[in-house]
Enquirer: 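The structure's right below; bear with me while I get my questions together.
Predicted model, so just to flag it, every value in this text is computed and none were measured.
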Amino acid sequence: MALLACLLIGSAHAAAQVTRSSARTAAEAGLVDIRTRVPDIAEDIKYAGRDNFVGTRIDGYLAPKCLLLQPVADALARVEHELRSRHLRLKIWDCYRPARAVAHFVRWAHGLDDLRTKPQHYPDLHKSQLLGDYIAPVSGHSRGATVDLTLQRCTADDACAALDMGTDFDFFGTRAHTDAANVTAKQRANRQLLLDTMAREGFRNYPLEWWHYTLQPEPTPHTLYDVPVQ
C-alpha cells in the first residue's frame, strides 16, 4: 500500500483538486486485470484477506485481483517480460485501491486499542503516529496507476523465491525507506535492482516505501475511483 497513505505525489493543494469518478464498474473506470496481460504473474493481494496490517479483509476487496488503468497494466507487463529474460519475476501485493478501502484504513487507525498487528507492521511506533504521515484519507492507489510489489528470483523450472528487501510489505518505519541506511548491502542492492527495473518503464518510487511505484505521467492524475475489486 504504501506507507499506507500512499500520499498523493505533490502538495496538499494538489490533493484538494482531486475528484471522485462516477464510474460504477472497473470497465467504466478503464481498469483492467493485470492477468489479461500476464496470465501467470505472481500475486498475493494482501487486502483481499486477513494477512495485512489491519488484520481483516479490507472494504472494497471482493476478490484477490490486481486492477490497473490500461496504460499502467501494459507498462507493468513490459517490466515482467523484461525480468523473465533474467530469471526474475515480480510479485504483486496491491494495485488499484478503492477509496472505501482507504476509509477503512483511517477507521482502523483511530482504534488505538487494537494492537494485534503492531509487532509485525509498526513495532517502533505508537499507533497514534500512523495517522498523517502513514495513513491519510486520500491514497494515490485510488487513481489506478500505483502498484506495491517485490522481486523474485526463479530457477529454470520456474521455482521462484522473493529477494531479501530488508522488511516485509507495509512495514511502517525507517527501515522501509528505499535508501535506508540500516539495511544490509545486499538488501540495498535488491531494492536498487527493483528501482532500476521499474524506472525503465516509467515507474517512480515513493521514497518512504521500497515496494511502492507509480507510473509517470499518470493517466488520470486528478481522479479517484471507488469501484470494488472483483
Enquirer: Is there a donor in the side chain of W210 and an acceptor in the side chain of T167, or the other way round, less than 3.5 Å apart?
Expert: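 T167 and W210 do have a side-chain donor-acceptor pair below 3.5 Å.
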Enquirer: Tell me yes or no: between the side chains of T197 and R86, is some donor less than 3.5 Å from an acceptor?
Expert: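 Side chains of T197 and R86: pair found under 3.5 Å.
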Enquirer: side-chain contact (heavy atoms from CB on, under 4.5 Å) between Y213 and T146: does it pass, once the steps are laid out?
Expert: CA-CA 6 Å; Y213 286 85; T146 295; over 6 Å; no
Enquirer: For the side chain of R200 and the backbone of V79, is there at least one donor-acceptor N/O pair under 3.5 Å apart?
Expert: no
Enquirer: Near D113 CG, under 6.0 Å, is it more than 12 heavy atoms from other residues, nucleotides or ligands?
Expert: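 No, not enclosed.
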Enquirer: Can you establish whether the number of heavy atoms outside R50 located under 6.0 Å from its atom CZ is more than 12?
Expert: no
Enquirer: Closest approach of P137 and V106, non-hydrogen atoms and distance?
Expert: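 Taking P137 first and V106 second, the nearest heavy atoms are CA-CG2, 4.1 Å.
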Enquirer: Would a single hydrophobic cluster contain both L31 and L62, if residues Ile, Leu, Val, Met, Phe, Trp and Tyr are joined by side-chain heavy-atom contacts under 4.5 Å?
Expert: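 L62 and L31: separate clusters.
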Enquirer: N190 side chain to D164 main-chain N or O, any donor-acceptor pair under 3.5 Å?
Expert: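 Yes: the side chain of N190 pairs with the backbone of D164.
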Enquirer: At their closest point, which heavy atom of I58 faces which heavy atom of A101, and how far apart are they?
Expert: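 Looking at all heavy atoms of both residues, the shortest contact is CG2-CB, 3.5 Å.
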Enquirer: Quick one: does Q152's side chain get under 4.5 Å of L88's, heavy atoms only?
Expert: no
Enquirer: Take E43 and I41, measure what side-chain contact (heavy atoms from CB on, under 4.5 Å) needs, and give me the verdict at the end.
Expert: CA-CA 6 Å; E43 296 177 338; I41 199 166; 4.0 Å; yes
Enquirer: Please give me the minimum heavy-atom distance between Y96 and V227, naming the atom from each residue.
Expert: OH-O, 2.5 Å
Enquirer: Is it true that H141 and S139 share a donor-acceptor pair across their side chains at a distance under 3.5 Å?
Expert: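 Note: S139 and H141 side chains miss the donor-acceptor criterion.
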Enquirer: Are any of the side-chain nitrogens in D94 or K46 under 4.0 Å away from the carboxylate oxygens of its partner?
Expert: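 Result for this pair is no, no salt bridge flagged.
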Enquirer: Return the OG to CD distance between S21 and E28, rounded to the nearest 0.5 Å.
Expert: 8.0 Å
Enquirer: On the six-membered ring of W211, is K91 placed so that its NZ or CZ lies under 6.0 angstrom from the centre and within 45° of the ring axis?
Expert: no
Enquirer: Do the charged groups of R107 and D59 touch, with an N to O distance under 4.0 Å?
Expert: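 Salt bridge flag = yes for D59 with R107.
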Enquirer: Any side-chain heavy-atom pair from R191 and N205 closer than 4.5 angstrom?
Expert: no
Enquirer: Taking R100 for the side chain and D226 for the main chain, is one N or O donor matched with an acceptor at less than 3.5 Å?
Expert: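 Checked: pair present.
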Enquirer: Rounded at 0.5 Å granularity, tell me how far CD in E218 sits from OG1 in T223.
Expert: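 Result: 10.0 Å between the selected atoms.
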Enquirer: Which pairs pass salt bridge (charged side-chain N to carboxylate O under 4.0 Å, His left out) with one or both residues in residues 178-189, sequence neighbours excluded?
Expert: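 Pairs touching residues 178-189 that pass the test: none.
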Enquirer: Take Q120 and D168 through the test side-chain contact (heavy atoms from CB on, under 4.5 Å) and record every step on the way to the result.
Expert: CA-CA 8 Å; Q120 179 179 354; D168 291 334; 4.0 Å; yes
Enquirer: Within the structure provided, determine whether V138 and L224 are in side-chain contact (heavy-atom separation under 4.5 Å).
Expert: yes
Enquirer: Determine all donor-acceptor pairs shorter than 3.5 Å in which one atom belongs to a side chain in residues 64-74; sequence neighbours excluded.
Expert:
{"from": "K65", "atom 1": "NZ", "to": "Q230", "atom 2": "O", "distance (Å)": "3.3"}
{"from": "D74", "atom 1": "OD1", "to": "R37", "atom 2": "NE", "distance (Å)": "2.8"}
{"from": "D74", "atom 1": "OD1", "to": "R37", "atom 2": "NH2", "distance (Å)": "3.4"}

Enquirer: Evaluate the criterion side-chain contact (heavy atoms from CB on, under 4.5 Å) for residue pair T214 and F203; output intermediate values, then yes/no.
Expert: CA-CA 5 Å; T214 300; F203 287 92; 5.9 Å; no
Enquirer: Under the disulfide bond (SG atoms under 2.5 Å apart) definition, can you give me all pairs with a residue in residues 122-164, not counting sequence neighbours?
Expert: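 Residue pairs passing disulfide bond (SG atoms under 2.5 Å apart), neighbours aside: C154-C160.
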Enquirer: With a cut-off of under 6.0 Å to the ring centre and 45° to the axis, is R175 in cation-pi contact with F171?
Expert: yes
Enquirer: I'd like to know if L112 and F105 are part of one continuous hydrophobic network [Ile/Leu/Val/Met/Phe/Trp/Tyr, side-chain heavy atoms within less than 4.5 Å].
Expert: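 No, F105 does not connect to L112 through the hydrophobic network.
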Enquirer: Are L83 and V147 connected in the hydrophobic side-chain network, where two residues link if heavy atoms are under 4.5 Å apart?
Expert: yes
Enquirer: Can you see which heavy atom on P98 is nearest to which on G60, and at what distance?
Expert: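 Between these two residues, the closest heavy atoms are CG-O, 3.8 Å.
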Enquirer: Distance alone, cut at 3.5 Å: any donor-acceptor contact between the side chains of D170 and Y134?
Expert: no
Enquirer: Is the shortest side-chain N to carboxylate O distance from R35 to D40 below 4.0 Å?
Expert: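 A salt bridge is absent here (no side-chain N lies under 4.0 Å from a carboxylate O).
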Enquirer: Atom CE in M165, atom OG1 in T178: separation rounded to 0.5 Å?
Expert: 10.0 Å
Enquirer: Can you tell me which residue among W108, F169, Y122 is in a ring pair (Phe, Tyr, Trp, His ring centres under 6.0 Å) with F53?
Expert: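 Looking at W108, F169, Y122, the match for F53 under the ring pair (Phe, Tyr, Trp, His ring centres under 6.0 Å) is W108.
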Enquirer: Can you measure from OH (Y47) to CG (N52) and round to the nearest 0.5 angstrom?
Expert: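 Spacing of OH (Y47) from CG (N52) equals 6.5 Å.
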Enquirer: Shortest non-hydrogen contact from V38 to E80?
Expert: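 So the minimum-distance heavy-atom pair works out to CG1-CG, 3.9 Å.
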Enquirer: To the nearest 0.5 Å, tell me how far H110 NE2 sits from L130 CG.
Expert: 11.5 Å
Enquirer: Is there a side-chain contact between R89 and L151, using heavy atoms and a 4.5 Å cut-off?
Expert: no
Enquirer: What pair of heavy atoms forms the shortest contact from L76 to M198, and how long is it?
Expert: CD1-CE, 3.9 Å
Enquirer: Could you give the distance from CG (L149) to CD1 (I92), rounded to the nearest 0.5 Å?
Expert: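 These two atoms lie 6.0 Å from each other.
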